[in-house]
Amino acid sequence: MEEECLDYVLVPSALFMMAAYHLWLIYTVVRYPSFTVIGINSQSRHQWVHALMADPLKNGVLAVQTIRNNIMASTLLATTAITLSSLISVFVSSTSNSGNKVSQLVYGNKTPLFSSIKYFTILLCFLVAFVCNVQSIRYYAHVSFLVTVPTSIGETDSIEYVARNLNRGSLFWSLGLRAFYVSFPLFMWIFGPIPMFICCCLMTFSLYFLDTTTSFTRHLHSHSFRAKMKADDEAVVQLSP
């Protein structure tokens, strides 16, 4: 009975830890974007779009090639996610039909209901990753057409629209990659709640260092942003009559 109760204690604790960390990450991205990699990258892409669309005839090939690389990365993750989803579905079907006993490596609740829940949560993670990466491809493909459209000097509405769509595509790519990260603790849950809890602790600790920025990175990006804004202002002054 004590072995079966571990799933009711450790699994909710691990999921609460992951949920609390991501709620903190969302709050930090919204309020203090420069302290997170997501916020810094969003600002960098915004600056990149402004720099390229200032002269699309000169930078059009570079822009299309860069977006094409992002589409290829999203396509790879989407293909991997749907392939793993298919493999898990086939494995669950074959296991349920054969009626095999639960492996002795599993320490925790070994009822068929919990086994089905474990595989279903992993399958759900990969399906979410697939949908997010497909949406990322959709936005990247849309941006690949818009980024080469010539814009008039001083009109930034179209540039802001392109930058916003590019950041949305990157956001969906990040969500798809995050679903892959979450699938690791869920996969460890197959072997019991203790490996899952340990994996969640290590995953949260690792994601904190992957998602936050250092003072050197913040200073470097803020300095480059100020220099770029100053150069743009000087260019507008020189072109104005």
Side-chain angles (χ1 to χ4, degrees), residues 7 10-30 33 36-42 44-45 66-93 95 106 114-141 143 165-213:
D7 287 85
L10 295 182
V11 174
S13 301
L15 294 178
F16 176 79
M17 183 189 309
M18 293 286 290
Y21 168 76
H22 284 92
L23 288 176
W24 170 83
L25 180 63
I26 294 173
Y27 173 79
T28 308
V29 170
V30 174
T36 61
V37 175
I38 296 175
I40 287 290
N41 290 341
S42 178
S44 299
R45 284 187 296 270
T66 304
I67 296 174
R68 182 195 62 185
N69 294 335
N70 291 330
I71 293 176
M72 292 176 61
S74 299
T75 304
L76 177 62
L77 289 181
T79 305
T80 304
I82 199 63
T83 303
L84 292 175
S85 299
S86 302
L87 292 176
I88 292 173
S89 300
V90 172
F91 177 77
V92 172
S93 300
T95 303
V106 179
F114 262 79
S115 298
S116 301
I117 293 175
K118 292 175 184 179
Y119 290 114
F120 175 76
T121 53
I122 299 175
L123 178 62
L124 184 63
C125 269
F126 288 133
L127 290 178
V128 171
F130 172 75
V131 173
C132 289
N133 282 286
V134 168
Q135 290 297 317
S136 177
I137 296 172
R138 169 176 170 263
Y139 278 106
Y140 283 144
V143 170
N165 280 274
L166 180 62
N167 282 327
R168 286 178 180 174
S170 179
L171 176 61
F172 276 108
W173 188 85
S174 298
L175 292 176
L177 186 62
R178 192 70 47 158
F180 275 96
Y181 289 154
V182 175
S183 67
F184 282 103
L186 297 178
F187 177 78
M188 297 304 297
W189 190 19
I190 297 177
F191 302 97
I194 296 178
M196 178 191 179
F197 184 81
I198 295 175
C199 185
C200 276
C201 294
L202 295 177
M203 183 67 67
T204 304
F205 183 77
S206 301
L207 288 178
Y208 175 79
F209 288 97
L210 292 175
D211 292 331
T212 56
T213 59

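Counting begins at 1 with the first residue of the sequence.
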For Ile71 and Ile137, run side-chain contact (heavy atoms from CB on, under 4.5 Å): C-alpha distance rounded to whole Å, both residues' side-chain angles, the deciding distance at 0.1 Å, then the answer. CA-CA 5 Å; Ile71 293 176; Ile137 296 172; 4.2 Å; yes
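- Under a 3.5 Å cut-off, the side chain of Thr36 and the backbone N or O of Pro33 do form a donor-acceptor pair.
- Note that OG of Ser74 is 11.0 Å distant from CG of Asn69, once rounded to the nearest 0.5 Å.
- Around OH of Tyr21, the count of heavy atoms belonging to other residues, nucleotides or ligands within 6.0 Å exceeds 12.
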Next on the checklist: Does Trp189 form a side-chain contact (heavy atoms from CB on, under 4.5 Å) with Ile122? I'd like the steps, not just the answer.
Outcome noted: CA-CA 10 Å; Trp189 190 19; Ile122 299 175; over 6 Å; no
Stepwise side-chain contact (heavy atoms from CB on, under 4.5 Å) check, Met17 with Phe197: CA-CA 9 Å; Met17 183 189 309; Phe197 184 81; 4.1 Å; yes
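- In this structure, NE2 in His22 is found 11.0 Å from CH2 in Trp24, a value given to the nearest 0.5 Å.
- The closest donor-acceptor contact from the side chain of Ser42 to the backbone of Gly39 lies at 3.5 Å or more, if one exists at all.
- If you take CD1 on Ile198 and CG on Leu202, they are separated by 7.5 Å, rounding to the nearest 0.5 Å.
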Working for side-chain contact (heavy atoms from CB on, under 4.5 Å), residues Ser85 and Phe130:
CA-CA 9 Å; Ser85 299; Phe130 172 75; 5.9 Å; no
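- Put simply, the side chain of Arg178 reaches to within 4.5 Å of the side chain of Asp211, judged on heavy atoms.
- No donor-acceptor pair under 3.5 Å is formed between the side chain of Tyr181 and the backbone N or O of Leu207.
- Here the side chains of Met196 and Leu15 are in contact, with some heavy-atom distance below 4.5 Å.
- Within the 6.0 Å centre-distance limit, the rings of Phe205 and Phe209 are counted as a close aromatic pair.
- Closest approach of Asn133 to Gly176, counting heavy atoms only: ND2-CA, 3.8 Å.
- Considering CD1 of Ile38 and CG of Leu210, their distance stands at 11.0 Å, rounded to 0.5 Å.
- No more than 12 heavy atoms of other residues, nucleotides or ligands sit less than 6.0 Å from atom CZ of Phe187.
- Between Thr204 and Met18 there is a side-chain heavy-atom pair separated by less than 4.5 Å.
- When all heavy atoms of Ser170 and Tyr140 are compared, the closest pair comes out as CA-OH, 3.3 Å.
- Scanning both residues, Gly169 and Tyr139, for their nearest heavy atoms gives CA-CB, 3.6 Å.
- What you find for Cys200 and Ala14 is that their closest heavy atoms are SG-CB, 3.5 Å.
- Judged by distance alone, with hydrogens and angles left aside, the side-chain atoms of Ser136 form no donor-acceptor pair with the main-chain N or O of Cys132 at under 3.5 Å.
- Residues Thr79 and Thr83 share a closest heavy-atom pair of O-OG1, 2.6 Å.
- A donor-acceptor pair is defined here as one N or O able to donate and one able to accept, closer than 3.5 Å; such a pair exists between the side chain of Ser44 and the backbone of Ile40.
- If you take CZ on Phe180 and CG on Leu84, they are separated by 6.5 Å, rounding to the nearest 0.5 Å.
- Atom OG1 of residue Thr121 and atom CD1 of residue Ile190 lie 8.0 Å apart, to the nearest 0.5 angstrom.
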